[in-house]
Structures are given as structure tokens and as C-alpha cells.
Number of protein chains: 2
Amino acid sequence: MEDLDHEYKNYWETTMFFQNQELEFDSWPMEEAFSGSGESSSPDGAATSPASSKNVVSERNRRQKLNQRLFALRSVVPNISKLDKASVIKDSIDYMQELIDQEKTLEAEIRELESRSTLLENPFKQMDYSTRVQHYPIEVLEMKVTWMGEKTVVVCITCSKKRETMVQLCKVLESLNLNILTTNFSSFTSRLSTTLFLQADEEESSAVEAKIQMAIAAYNDPNCLINF
Amino acid sequence: MEDLDHEYKNYWETTMFFQNQELEFDSWPMEEAFSGSGESSSPDGAATSPASSKNVVSERNRRQKLNQRLFALRSVVPNISKLDKASVIKDSIDYMQELIDQEKTLEAEIRELESRSTLLENPFKQMDYSTRVQHYPIEVLEMKVTWMGEKTVVVCITCSKKRETMVQLCKVLESLNLNILTTNFSSFTSRLSTTLFLQADEEESSAVEAKIQMAIAAYNDPNCLINF
DNA sequence: GGGTACACGTGACGC
DNA sequence: TGCGTCACGTGTACC
């Protein structure tokens, strides 16, 4: 009797076999072993009523299932402070709330990243106004796109050189994800010219030109919410 | 008696007040109301032993706390199929596993978006995120500063071309406020080289070289607080 | 009525 | 020592 009770103690605390929460009805050797002794040591001495006997075993099953679930819960949650039943549930709640919060954070981050990378597909994406920085516009003086054959397109852009013009032009061009083979920037006193060698077909040339012009226009637009 | 049991039924199923899992010891009016009748209807008829009486109320508290936690768990988990205790725990486990999986998915997605995004990030805009975006360091392969006479110094820098290397190099060079006459950037497959024509005296050459090296080093230093 | 789920009181164990 | 926790059997309500 003592030994059995002791085993029961350990049953919840350590020696729990049934970690698989999918099983509904398992064999549970320790409970089975105890069942007989429990019946025989029934306090009323007389024949145990067969009606309640069913209830007893059913109740045992229920308790065992619940403990099983509780143990499974414990195995999912990291950092369980106390092995107490109530504490296990409490820690699970805290952990779950933590997960939910983190999920929201991650989703927000993904939305932020997506709005940043889907620059040209969705030109008008919402952005935080307070984070907008104003810059000098890029003034294009001349732009020429020519197909060189062999999947090579050359783009020549000349713009007036102001403050940070080269950095800004770099940003815009990098945002387009063009297949750039070679780049060359040259700056003189008042002008900045760049020559891009792109890998593209002849029919893509006009599309490339349009993309660049659109991107520069978007970059210059003070109301444009895209962050470059 | 029947009514009381009925109330208990409803107690677990619907009328649960204590959703706050922080409270350890609450007043629990329904249990209190029942306590008296429970004592009087004790089956053994004789005076209930005062020793076990303490245990009874303690046990009641324990049960109530556990149900309280269980109810709180139920309120956190959406889509509980059955209000059964075991089912609540099972659904909680499933939901938690779902959250964990989704967390991994979202994190993977974020990592992919971050690595795929070739857009330039303004370091100021990312301050609200706990995850700081670190830029790729500028890896200088060769640097040469020569005096050409006539107050002209030529600086040649060659670095390995990584993501955004040119923009970053522009930022660093612009931050130095050099008296630049002409610049030329050329990028090939794996290298990016720039040639700067500066207006400077011969004796300034070494200072210019030191300034550029210092600026690049500062830019690469993740602990450097200078914003370029 | 059999089956299920629950709250209850009780004895035991450990800190 | 008491106090907290547990498994157990039981009575009962709901379907």
C-alpha cells in the first residue's frame, strides 16, 4: 500500500510513460496493478457494489487521461517552474501568450519588410510618415537605353550633380534589382553620368527604361511613401 | 442538494468568474455558500473531525485554483472543440504546437526577406525593431594615394563588391567632405574600384589617406555610433 | 439506462 | 509540526 502510493507519487512527478497525446485508450500497467489491491482493500468490507465498480474504473481512466494530457502539455512548454498541476497550466498560459505576442511582432516585421521589397509591384504602400526623410531630387538631364546585342543593354544616364546625387542614384538603381553586369559612375564639376551594362533582351530595353524613369520619378515625388 | 450540484455544473461550464490567473487566493462566494451545506450533509453523521476540516477547505481551494487556471487556459485558446477538461488541454497543446510551427515559419520568412531584399535601408528607420540590421563591411583590397602635382591628389580604392558596397562607399566618402574634383566608380563582377581626383597639396596626401581609412574602419565597426 | 464528466471528501505523502 | 498536493472512490447530473 505504501509502496503503491509512493509509486503513484512518482507517477505524476517523474515516471509518466504516456507522452503521446493521440492515444485515447492505452494500457496502463501501474494503474492495472493497483486496481486489484484497491478493490480488495475496499473499506466497507462487504461486496463492492458492481454498479459503482464500473464507475470506479471509468473514473480512473478519466483521471489517467487528464494526467496524460497534462504531462503532454508539460513536455511542450519549456521552462516549467514548478511541476505542480496548477503551475504547469499557468506556465503554459504564459508561454502561449508569449507566443501570440511574438507572432504579432513577427507578422508586423514581415509586413514592414514586404512593403520595403515590393517596391515596384506596389508603388503605393503605406509607410510611417514620421520616418520620411526629405532629399534633393534627382534631375535627369539625359538618358539613353540601347541594345548592344548578345543580351546586353547599355543605359547611360546624365544628371546634374547636387548634394548626394550619386548615393541617391545608387539607391534607386539598386532598388530595381536589375541584372547589372558592370557599372561606371563619373562625376565632373556639375554633372554626374553613369553607364550601366545590363543583361537583358532587346525587347526588355524599353521596359528597363520605363522602370528606371518610374523609379526616379517616385524617388523625387515628395508624396511618395516608398522608402529607398 | 440538486440545485447546488447543478450550480457546480454550471460553475465549470459557464459561470466562472476568476479569469485572472495572477490571483492566488480569491474570495469564492459560490464555494463558500456551499461549504456550510456540505459540512451538514456529511455522510458520517457524527461531528466532522476538525483535523480533516482543514484539509477539506484546503482541497477545495486547490481544486478551485486548478479550475480557475483551466478556465484561463480555455480563454486563451481559440476554437475549443469540447469544453471537456481533457479536451481543453488537448486543444491547447495543438494550438501551442501550431503557434510554435508558425513562429518558425515566420522567422524563416523574415530571414529570406532580409537576405533577398536589395533595397537600401536607412539605419534610422529600423530603430524601432529589436533586430538591428547590420550592413556588410567594406572590404578594401587595395588603396593607393598619389600626388599628381598642381594641387591634385588621386586616390584609387579597390574593394570586393558585396551588397550595397557602392552606396556605402559613397556615404563614407561624402562624409569626409573632401574637395572632390572628379570621381569614377567602376564595378566588375566581384570588384568595385573608384578613382577620386581631389584638390589637395602634397603634404595633405597622407592625411587624406588616413582619413579615408579611418572612416571606413569606423563604418565597419558595429559598435561605432556614427551614422553615415 | 449505460456512458461520461464533474465536484466532493478523504487518507497519504513530502517538505 | 502543519501545509500543500495528490490519487482515489463516490454520488450525481447530463445526454
Side-chain angles (χ1 to χ4, degrees), chain A residues 1-16 24-25 28 30-46 48-71 82-90, chain B residues 1-16 24-25 28 30-71 81-90:
Chain A
M1 185 74 154
E2 266 192 4
D3 298 344
L4 286 169
D5 276 333
H6 184 60
E7 280 201 35
Y8 264 118
K9 200 69 175 181
N10 286 345
Y11 160 76
W12 161 247
E13 286 181 351
T14 58
T15 37
M16 182 64 179
E24 290 300 323
F25 292 101
W28 29 303
M30 285 163 50
E31 288 276 2
E32 198 61 53
F34 177 79
S35 175
S37 104
E39 292 284 335
S40 68
S41 72
S42 167
D44 54 0
T48 57
S49 82
S52 69
S53 163
K54 287 269 189 171
N55 198 6
V56 168
V57 60
S58 173
E59 176 66 12
R60 267 206 285 256
N61 270 338
R62 174 181 164 273
R63 274 199 303 267
Q64 195 248 349
K65 188 164 78 179
L66 211 151
N67 280 336
Q68 188 173 328
R69 295 279 165 82
L70 220 40
F71 189 87
K82 285 164 59 184
L83 304 104
D84 182 11
K85 278 184 180 177
S87 301
V88 167
I89 300 186
K90 180 175 162 57
Chain B
M1 187 77 153
E2 268 192 4
D3 299 343
L4 286 169
D5 276 331
H6 185 61
E7 279 201 36
Y8 265 116
K9 201 67 176 180
N10 286 344
Y11 160 77
W12 160 246
E13 287 182 352
T14 58
T15 37
M16 184 65 180
E24 290 299 324
F25 292 101
W28 30 303
M30 284 163 49
E31 288 277 359
E32 198 61 53
F34 177 79
S35 175
S37 107
E39 293 282 336
S40 69
S41 72
S42 166
D44 54 0
T48 56
S49 82
S52 69
S53 163
K54 286 270 190 175
N55 197 5
V56 167
V57 62
S58 172
E59 176 66 12
R60 268 207 284 257
N61 268 338
R62 174 181 162 272
R63 274 199 302 267
Q64 194 246 349
K65 188 165 76 178
L66 210 151
N67 280 336
Q68 188 174 328
R69 295 279 165 82
L70 221 40
F71 189 86
S81 54
K82 285 165 60 185
L83 304 105
D84 181 13
K85 276 183 181 177
S87 301
V88 166
I89 301 185
K90 180 174 164 56

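Sequence lines set the chain letters: A, B, ... in the order given, protein chains first and strands last, and positions in each chain run from 1. This one's a predicted model, so the numbers in the text were calculated from it and none came from an experiment.
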Among [options], the nucleotide that comes nearest once only the side chain of [X] is considered:
| X | options | value |
| --- | --- | --- |
| B:Lys82 | C:dA5, D:dT10, C:dA7 | C:dA5 |
| B:Val56 | C:dT10, D:dT5, D:dG9 | C:dT10 |
| A:Ser58 | C:dA7, D:dT5, C:dT4 | C:dT4 |
| B:Asp84 | C:dC6, C:dA7, D:dC6 | C:dC6 |

Might you point out which heavy atoms bring B:Ser87 and A:Arg69 nearest each other, and give the distance in Å? N-NH1, 3.9 Å

If every non-hydrogen atom of A:Leu83 is compared with every non-hydrogen atom of A:Val88, which pair is closest and at what distance?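 Distance-wise, the nearest heavy atoms are O-CG2, 3.9 Å.
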
Could you tell me how far apart [X] ([atom1]) and [N] ([atom2]) are, to the nearest whole angstrom?
| X | N | atom1 | atom2 | value |
| --- | --- | --- | --- | --- |
| B:Leu70 | C:dA7 | CG | C1' | 14 Å |
| A:Gln68 | D:dA7 | CD | C1' | 16 Å |
| A:Leu83 | C:dC13 | CG | P | 20 Å |
| A:Lys54 | C:dG1 | NZ | P | 16 Å |
| A:Gln64 | D:dC6 | CD | P | 16 Å |

What I want to check is whether an N or O donor and acceptor connect the side chain of A:Asn55 with the base of D:dT12 at under 3.5 Å. yes

Any N/O donor-acceptor pair, B:Arg63 side-chain to C:dG9 base, under 3.5 Å: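 A donor-acceptor contact between them is present.
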
Does [X] have a side-chain nitrogen or oxygen under 4.0 Å from the phosphate oxygens OP1 or OP2 of [N]?
| X | N | answer |
| --- | --- | --- |
| B:Lys65 | D:dG4 | no |
| B:Arg62 | D:dC6 | yes |
| A:Arg60 | D:dA7 | no |
| B:Lys85 | C:dA7 | yes |

Drop me the distance from B:Ile89's CD1 to A:Gln68's CD, to the nearest 0.5 angstrom.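 Output value for this atom pair is 11.0 Å.
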
Do A:Lys85 and B:Arg62 have side chains that approach each other closer than 4.5 Å (heavy atoms only, starting at C-beta)?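 Result yes, sub-4.5 Å side-chain heavy-atom pair found.
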
